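Before any comments, here is the structure.
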Amino acid sequence: MKQKCAQKAFEMIKDGMAVGLGGGSTVALLIKEIEKQHLNIQAATPSQDTLKLCIQHHIPVLPLEMTGSLDIAFDGCDELDRELNALKSCGGIHTREKIAASMAKEYVLLADAGKWKEQLAFAYPVTLEVVRCALAYVERRLKEMGAKVTQRRSQGKAGLLVSDDGNYLLEAEFGQVQSVEKLALELDRMPGIVGHSLFYHIASKAVIAKTDGVEVVEAPWRE
């Protein structure tokens, strides 16, 4: 299913485009397809893993900080709802991913049918990138909102895990969320939060891989 998803994504790319490439195994398959078909593009990516793959597969890469706009961008997700709101928590690079998404004329999420639900289940926590001096404040505010908050850590590192930009990562479990819009706005407005992994009304399309084929879904909020 991932190969079908990558193939459909490839069909959206035209020669000469500047293309955003996020993380995940489906994006990795898309990179291989771009090389295989000798498509002439330039890529920009928020992911160090994807950067390495682009170099390995001879795709020119633009530094994200030197890129102002993209023709199209592709990314994976952990959960996706019918309005194409998404959770992108696991990678911990959501701030950079949101920047790449905002650069793109079209931001396309790639997912299998198991991730696509009527509403977000919040089976994954919302990951938050937080500036260091705001750590205790943001933790307190999140708990006041009813979240169970943990600090992201790694077995291979002592202390808190930090983002590629040197900020702390927190995980907030909200349980049942009544309004995705309200939660996203509250997190957007909280001082100290650099970015969060809830993508509300950002994706313009999604490519959904199913056992019987691939469906391209347009975001209903754009109509």
Side-chain angles (χ1 to χ4, degrees), residues 1-67 69-81 84-116 124 127 129 163-165 195 197-199 202-211 213-219:
M1 287 196 293
K2 288 183 178 182
Q3 184 63 56
K4 291 178 182 177
C5 195
Q7 181 61 44
K8 181 59 71 173
F10 174 81
E11 293 170 7
M12 298 179 179
I13 304 172
K14 294 182 174 62
D15 219 44
M17 277 187 166
V19 180
L21 296 170
S25 54
T26 307
V27 170
L29 291 170
L30 175 58
I31 288 168
K32 292 178 181 178
E33 192 66 25
I34 291 168
E35 182 191 35
K36 179 182 174 183
Q37 299 297 335
H38 305 290
L39 200 61
N40 179 30
I41 68 157
Q42 289 182 306
T45 178
S47 165
Q48 291 297 314
D49 290 338
T50 299
L51 173 62
K52 291 177 184 177
L53 277 175
C54 286
I55 292 169
Q56 288 171 9
H57 292 278
H58 311 101
I59 297 172
V61 183
L62 302 167
L64 201 61
E65 61 267 29
M66 302 298 290
T67 306
S69 64
L70 296 166
D71 294 298
I72 194 167
F74 300 94
D75 218 339
C77 62
D78 303 314
E79 294 183 28
L80 185 66
D81 72 12
L84 304 192
N85 302 314
L87 273 177
K88 292 180 48 57
S89 302
C90 293
I93 58 170
H94 47 271
T95 302
R96 291 187 176 196
E97 288 173 326
K98 252 180 202 174
I99 292 168
S102 298
M103 290 178 183
K105 297 171 187 174
E106 292 274 10
Y107 180 58
V108 184
L109 290 174
L110 310 176
D112 60 68
K115 295 180 179 179
W116 192 35
Y124 293 86
T127 304
E129 184 171 350
S163 71
D164 290 342
D165 295 298
S197 65
L198 177 56
F199 280 48
I202 294 177
S204 54
K205 292 179 182 176
V207 179
I208 311 294
K210 304 177 178 180
T211 53
V214 179
E215 182 178 358
V216 178
V217 181
E218 300 269 355

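Treat the numbers as computed from the prediction; the structure is a model and nothing was measured.
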Residue pair [X] / [Y]: nearest heavy atoms and the distance that separates them:
| X | Y | result |
| --- | --- | --- |
| I59 | A43 | CG2-CB, 3.9 Å |
| A100 | A73 | O-CB, 4.4 Å |
| C54 | V61 | CB-CG2, 3.4 Å |
| T67 | A44 | OG1-CB, 4.1 Å |
| D78 | S89 | OD2-N, 2.6 Å |
| L64 | P46 | CD2-CA, 4.1 Å |

Quiz item: Between E129 and H94, do the side chains contain an N or O donor and an N or O acceptor separated by less than 3.5 Å?
Solution: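 No donor-acceptor contact under 3.5 Å links the two side chains.
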Quiz item: Could you go step by step and tell me if D165 and T95 meet the side chain to side chain contact (heavy atoms under 4.5 Å, CB included) rule?
Solution: CA-CA 10 Å; D165 295 298; T95 302; 5.7 Å; no
Are side-chain heavy atoms of [X] and [Y] found at a separation under 4.5 Å?
| X | Y | answer |
| --- | --- | --- |
| Q3 | E33 | yes |
| W116 | E215 | yes |
| V214 | Q7 | no |
| C5 | D112 | no |
| V27 | L53 | no |
| M1 | T211 | yes |
| I93 | S47 | yes |
| F199 | L109 | no |

For the [atom1] atom of [X] and the [atom2] atom of [Y], what is their distance to the nearest 0.5 Å?
| X | Y | atom1 | atom2 | result |
| --- | --- | --- | --- | --- |
| M12 | M17 | CE | CE | 10.5 Å |
| R96 | I99 | CZ | CD1 | 8.0 Å |
| I34 | I41 | CD1 | CD1 | 4.0 Å |
| L51 | Q56 | CG | CD | 10.0 Å |
| I31 | H58 | CD1 | NE2 | 13.0 Å |

Determine yes or no for a side-chain-to-main-chain donor-acceptor pair under 3.5 angstrom, with [X] supplying the side chain and [Y] the backbone.
| X | Y | result |
| --- | --- | --- |
| N40 | G16 | no |
| D75 | G23 | yes |
| E79 | Y124 | yes |
| T45 | L21 | yes |
| K98 | L198 | yes |
| T26 | A6 | no |

Quiz item: What residue among E218, K105, E106 forms side chain to side chain donor-acceptor pair (under 3.5 Å) with S204?
Solution: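 Exactly one option meets the side chain to side chain donor-acceptor pair (under 3.5 Å) with S204, and it is E106.
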Exercise. Take D15 and L39, measure what side chain to side chain contact (heavy atoms under 4.5 Å, CB included) needs, and give me the verdict at the end.
Key: CA-CA 6 Å; D15 219 44; L39 200 61; 3.5 Å; yes
Quiz prompt | Full working for salt bridge (Lys or Arg N to Asp or Glu O under 4.0 Å) between E11 and K8 | solution = CA-CA 5 Å; E11 293 170 7; K8 181 59 71 173; 3.4 Å; yes
